[in-house]
Structure formats: structure tokens, C-alpha cells
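Since we're looking at a predicted model, the values are computed, not measured.
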Amino acid sequence: MLENISSTKVSGGWHKQYTHQASSTHCAMRFAIFLPPGASETNKVPVMYWLSGLTCTDENFMQKAGAFKKAAELGIAIVAPDTSPRGENVPDDENYDFGQGAGFYVNAIQAPYNVHYNMYDYVVSELPALIEAHFPVTTKKAIAGHSMGGHGALMIALKNPKQYVSASAFSPIVNPINCPWGEKAFSNYLGSDKASWLEYDSCELMKKAAADDYLPMRIDQGEADNFLTEQLKTENLFAVVNEKDYPAEINMHAGYDHSYFFISSFIDEHLLFHQKYL
């Protein structure tokens, strides 16, 4: 049962927030959707799913990225889920990089997180089915994200190449098995068997990708990002892209940091990139 909690006209279209009881995460989830002008049952539009980073909700991208004007022009809907399950009964952590707001888009297998932290299933299966059942959209999907959400977008696209037409990311965590954020999250959500970690690591998934499953990707990374060296490891993805001749365009930008100032500077280019395939 969808409950509409906000509705705001913007760029000729509508930004709306909804809550619903999710079966995959066993709690109430919130998401936001932007419907471009003209979207209707007789004029269904494709969707870009946006996955946000640590500490974010559905609101960060929708309020800060400045994406609506270009999405309205191109006729693309945008769906932004929350970054984790939430609620009084959902296990949490006092640190920002684990627990609520930090779901890492995996299906947890370790107690107590395995009950609620199934963000992979939520993003890949439950949410798209809900969107396609209740809104004037086609089944054509692209996926994009930032930081932890950039990890989610690339990883999900690599695991489900037939479900998405394209993927893009800003400042993604590309090799989580080899960075402090990823090691902390994966050890708590997935346990000590690092074989299970490989299934959620974009570098490892790209290494195994068959040529028939390649899909176009765009990655933008700021060179002044203070997380670049320790957490994001962009150079590790560069190496795999070159080794596999994978169709991923990686753009480094002098002076830009990890913030939404960076995202808002290049979000139009990402929407135009996806529009070629949508």
C-alpha cells in the first residue's frame, strides 16, 4: 500500500514522496519519484534509479543535484530510494558508516542485520516492480549513484546487465573489499568469509564479466576528493576497464571534491548519457 506524503510541482513535472511497507526489508521504506511533464498511461517514460551515499536519504539527490530541468527536457523519470531500512526495530550503529543510512546495497547474511538489511533485493526487485505497477513508466531502466550509491549502481548493473541499459556513478566506492568503509560494512553484514564479499565488489564483478554482458558505463571522479585514495580506489577500476576493454568512460576532474557541488556540475551529462540508451 503506497502512501503519498508529499507532492511538489517542479520543472513542469512532479516530485513526489511515498512510503510503503517493504517485504524485502521488513519495515516501512520511503522513496521519491520525479515524473517529467507529459508522463501518463498513454505516454510512459523510462526511469533512472538513483542510489545515494552514506548518511543520505531519498532527499539529498532530489533537493541538491539540480537534475529536474534536464530530466524534464529528456522525458526521464527519476526514482530515489532511501539508503537503508530504518525504524526503532532496525539494528543501528553509532557511527555514520554502518547501520541505518549505510545499507551498502547488499543482502545481509549476518544476524541481527539479515532480517532488515536486504537493500539489494529492495533496489533490484521490489522497488522496480512497485514503480512499474503504480506509475506511468516503461520497463527500460538505467541506474546511477554517488559514493556508496555509486558502488551500488555499478555493482547492481554488473550483476544484472540485462535489467539495465546503462549505469553511471559519481565518486563511487569501486573496490569495497579493499577499503575501510567496505571492509567494515561487509564484515558486519556478510561475515568473515570473504568469498561472499566478492559478489558485491565492482572490480571483482567486472573481472568476471562476459563480453555479452557488457553495458555502457560513465564514472566521474573529482581529483580533490578527500576520500579518493583511501576509500574510493578509482585507479583499481581503471586497471580492470583497461584489462577487459570494458565500455566504461572514467572522467577525472581537477579541483572537484566529494560533494553535491560536484554532482550538480555534471548531472546533465549523466542524464544525456543515459538518454542515449533509454
Side-chain angles (χ1 to χ4, degrees), residues 8-17 31-39 45-83 105 123 131 137 140-157 164-174 202 215-225 227-228 232 234 237 247-278:
T8 308
K9 191 157 190 179
V10 56
S11 296
W14 289 92
H15 170 271
K16 300 183 178 188
Q17 283 178 306
F31 68 86
I33 184 168
F34 169 72
L35 290 168
V45 296
V47 185
M48 182 185 83
Y49 286 82
W50 175 271
L51 307 183
S52 287
L54 291 166
T55 76
C56 291
T57 68
D58 64 287
E59 295 183 338
N60 296 71
F61 177 82
M62 293 303 211
Q63 293 181 9
K64 295 180 179 179
F68 299 139
K69 191 172 181 182
K70 183 57 71 173
E73 179 189 312
L74 299 175
I76 297 173
I78 301 172
V79 172
D82 202 346
T83 53
Y105 304 102
V123 170
I131 297 297
V137 300
K140 270 199 161 181
K141 302 189 292 288
I143 192 165
H146 170 236
S147 195
M148 177 188 72
H151 140 72
L154 299 181
M155 174 269 292
I156 284 170
Y164 302 92
V165 297
S166 52
S168 73
F170 288 88
S171 322
I173 304 167
V174 299
S202 292
L215 80 166
M217 289 184 173
R218 173 178 176 139
I219 295 109
D220 285 82
Q221 175 62 56
E223 292 179 358
D225 189 324
F227 300 115
L228 177 56
L232 306 182
T234 309
L237 190 68
E249 172 190 338
I250 302 177
N251 305 298
M252 303 298 294
H253 300 275
Y256 285 95
D257 63 12
H258 198 71
S259 72
Y260 268 84
F261 292 113
F262 176 44
I263 295 170
S264 66
S265 299
F266 295 98
I267 190 61
D268 284 6
E269 284 83 349
H270 279 240
L271 287 162
L272 285 163
F273 166 78
H274 291 298
Q275 195 251 350
K276 287 187 291 187
Y277 308 101
L278 287 168

Shortest non-hydrogen contact from [X] to [Y]?
X	Y	value
Val165	Leu215	C-CD1, 4.1 Å
Gly66	Ile267	O-CG2, 4.1 Å
Gly152	Tyr105	CA-CD1, 3.9 Å
Met48	Phe61	CE-CZ, 4.2 Å
Leu232	Asp225	CD1-OD2, 3.3 Å
Ala167	His274	C-CE1, 3.6 Å

Could you check if a side-chain atom of [X] sits within less than 4.5 angstrom of a side-chain atom of [Y], using non-hydrogen atoms only?
X	Y	value
Gln221	Pro172	yes
Leu51	Pro81	yes
Ile173	Phe227	no

Modelled atom types, side-chain donor and acceptor of His270 and Asp220, under 3.5 Å: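 Distance-only check passes for His270 and Asp220.
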Under 3.5 Å donor-acceptor, Thr83 side chain and Cys56 backbone: yes
Side-chain donor or acceptor of Thr57 paired with backbone N/O of Asp82 under 3.5 Å: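 No; zero donor-acceptor contacts below 3.5 Å.
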Distance in Å, [X] [atom1] paired with [Y] [atom2], rounded so as to fall on 0.5 Å steps:
X	Y	atom1	atom2	value
Ile76	Leu271	CD1	CG	5.5 Å
His151	Ile156	NE2	CD1	7.5 Å
Phe170	His253	CZ	NE2	7.5 Å
Arg218	Ile250	CZ	CD1	11.5 Å
Leu228	Thr234	CG	OG1	5.0 Å
Glu59	Met62	CD	CE	10.5 Å

Candidate list Phe261, Phe273, Tyr260, Tyr256, test ring-ring contact (aromatic ring centres under 6.0 Å, His included), partner Phe266, passing option: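 Answer after filtering Phe261, Phe273, Tyr260, Tyr256: Tyr256.
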Stepwise side-chain contact (heavy atoms from CB on, under 4.5 Å) test for Lys70 and Gln275: CA-CA 10 Å; Lys70 183 57 71 173; Gln275 195 251 350; over 6 Å; no
Worked check of side-chain contact (heavy atoms from CB on, under 4.5 Å) between Ile219 and Leu154: CA-CA 9 Å; Ile219 295 109; Leu154 299 181; 4.1 Å; yes
His15 and Phe68 aromatic ring geometry - parallel, tilted or perpendicular at 30°/60° bounds: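 Rings of Phe68 and His15: tilted, as their planes differ by 30° to 60°.
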CA sep, side-chain torsions, deciding dist, call: Asn251, Glu269, side-chain contact (heavy atoms from CB on, under 4.5 Å): CA-CA 12 Å; Asn251 305 298; Glu269 284 83 349; over 6 Å; no
Check: His146 ring centroid to Phe262 ring centroid under 6.0 Å: no
